[in-house]
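Working notes, beginning with the structure itself.
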Amino acid sequence: MTAPVAELSAPAAVSVATRDVHLSFGAHQVLRGVDLDVAAGTATCVIGPSGSGKSTLLRTVNRLLEPDRGDILLDGRSVLGEDADALRQRVGMVFQHFNLFPHKTVLANVTLGLRKLRGMPSEQAREVALHHLGQVGLRDKADVRPGRLSGGQQQRVAIARALAMQPQVMLFDEATSALDPELVKGVLATMADLATSGMTMLVVTHEMGFAREVADRVSFMDAGRIVESGPPVQVFEAPESPRLQRFLSQVL
Amino acid sequence: MDILTTLWQTFFDVDAMRSALPDLLTVGLPNTLLLALSSAVVGTVLGMLLAVAGLSGSRWLRWPARVYTDIFRGLPAAVTILLIGVGLSPLGLQVWGPNPYPLGILALSLIASAYIGEIFRSGIQSVEAGQLEAARALGFSRPAGMRLVVIPQGVRRVLPALVNQLIALIKESSLVYFLGLVASQRDLFRIGQDQAANTGNESALLLAGLFYLVITIPLTHAVNAIDRRLREGRRADAGQAVEDDLPLPITQEAH
């Protein structure tokens, strides 16, 4: 019991940066030169209207989508030459619709990567998984299937599933957008805990309260570009660009 | 003798049935099950390969799978069985000796795999794209994500259609009689039909038919049970909530 948990000390958080990232789907230019910097151990929230390219940007960071042009840096080094599968083992991702594997138990969802990708013996994988399920408050749900859980619980399992792989960076793609309002709080609290623990986080969100309170920096994205970035106080209290002012007047 | 009595004796002659029963039980039934189950196994393996090829990113896999499926779904089963069983018999003779079963099973498997491939393909395609995306985000390659996450869910959704295909196979296995069977190779149909032809009385064939129904009707109900379970979710212990993690099955078009 102590041995595997001892290995759970978080890996050193690393910085994330995108440099002039472009991506088009056919004729539609989704990303038009995105430069973003997330310092190691900090949380950046990306806000902006639907269709502005936020989720697409997130997917270029772990190369679920390959940028047409530009570069993605982890810890200052380009990841575009790296094996994409190996990269994704270092970068955790949480999705809007959880995407838990419904045919597997909660425990098996969390241990799958450990066993099949890390080659961890199942007993050890189980210990690691239970540790992370405990971290999100769902240790007692290890043996049920995701369909029995509320949306909020499912999303917390998804967070545990990503954390079990000991990522250096976590990506959140509108992690609370599909949740009933009363379930949002628990997931946001889990995410806030993670940010406090020093995880590098890139968070696409519509939760302005979360961005304001938890993020170290907030970036406003519109039409495939980062329009304005800064500490939350600056972005929310003293927005400079008219587009951000308009956006905030609509959502706040 | 009035017409009703004649009809009754034509179909329900107890003596005729009794004389056919031992052969039906000890020869016909095992042979029918052997033919159907062997081709079900081979057809399922081939069908999975076809489904994966059909969903491949490479046209050099997709196209052959498409053409294969079109051919073996489009030909009458009797034509395929004769073409393979008779056409390849010189080859079969060399490999397996004078037993028509291997080629018969091969022909039935080829036919079944075309349908089963389409069943698997529809099931796999019905799995939400987010499932593969989540697997890939964990660091799995596309093939590993398909194998560990997508295909198991897809197969689960099409279990009812798969059992339907097994029922079709049990019935189609009777067509191997085209290939010429010696006494010990006869299946249910052939034994019933032989006696009916010899005696001019259909009772033995009717009994053979009953044997098919005894196998296929429970399977049909098994399909319904699986279907219901997939729809309503597995019942957990009494008093617990219904598990609703099981995806809805896809209803496969009849063929």
Side-chain angles (χ1 to χ4, degrees), chain A residues 55 58-59 61-65 82-106 108-118 143-150 154-155 157-158 160-167 169-173 178, chain B residues 48 51 57 120 122-162 226-250:
Chain A
S55 293
L58 211 58
R59 281 167 171 73
V61 171
N62 66 352
R63 292 175 60 197
L64 284 175
L65 294 170
E82 187 180 342
D83 175 61
D85 295 334
L87 166 69
R88 291 190 203 107
Q89 290 193 38
R90 304 199 279 132
V91 181
M93 186 162 186
V94 174
F95 298 89
Q96 181 177 0
H97 296 287
F98 334 134
N99 300 357
L100 291 179
F101 308 134
H103 60 305
K104 295 183 179 295
T105 63
V106 163
N109 265 273
V110 183
T111 57
L112 187 69
L114 295 173
R115 291 186 296 115
K116 302 288 183 183
L117 292 169
R118 295 276 155 79
D143 295 321
V144 307
R145 287 183 197 260
R148 291 267 281 277
L149 303 178
S150 73
Q154 290 192 46
Q155 192 60 295
V157 171
R161 177 173 71 178
L163 289 179
M165 294 299 284
Q166 306 276 33
V169 176
M170 284 283 287
L171 310 175
F172 290 85
D173 184 20
Chain B
M48 182 53 78
F120 280 150
S122 71
I124 292 167
Q125 271 181 320
S126 77
V127 177
E128 301 71 24
Q131 290 288 310
L132 183 61
E133 195 177 41
R136 301 224 61 188
L138 281 172
F140 287 104
S141 64
R142 187 175 187 278
M146 291 296 287
R147 184 166 52 78
L148 293 167
V149 171
V150 178
I151 290 176
Q153 293 181 60
V155 168
R156 213 167 157 166
R157 296 180 189 195
V158 294
L159 278 181
L162 216 54
I226 296 170
D227 208 45
R228 216 169 25 245
R229 186 166 131 159
L230 288 173
R231 263 176 218 294
E232 296 172 3
R234 198 177 350 190
R235 299 268 164 201
D237 302 339
Q240 280 200 303
V242 169
E243 197 173 17
D244 61 355
D245 64 321
L246 293 170
L248 289 182
I250 298 165

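Labels below follow one simple rule: chain letters A, B, ... track the order of the sequence lines, proteins then strands, and each chain is numbered from 1.
In terms of heavy atoms, B:Glu133 sits closest to A:Asn99 at OE1-ND2, 4.4 Å. Considering every non-hydrogen atom in both B:Leu138 and A:Leu117, the closest pair reads O-CD1, 3.4 Å. The heavy-atom pair separating B:Ala137 from A:Met93 by the smallest distance is CB-CB, 4.1 Å. B:Ala134 and A:Phe101 get closest at one heavy-atom pair: CB-CE2, 4.0 Å.
The choice from A:Met165, A:Arg90, A:Arg161 that makes the most heavy-atom pairs within less than 4.5 Å of chain B is A:Arg161.
When heavy atoms are compared at a cutoff of 4.5 Å, B:Ala135 approaches chain A by way of both its backbone and its side chain. Only the backbone of A:Val91 has a heavy atom closer than 4.5 Å to any heavy atom of chain B.
B:Arg136 pairs by the side-chain hydrogen bond (donor to acceptor under 3.5 Å, both in side chains) definition with A:Asp85, not counting sequence neighbours.
A donor-acceptor distance shorter than 3.5 angstrom exists from the side chain of B:Gln131 to the backbone of A:Leu100, with no hydrogens or angles considered.
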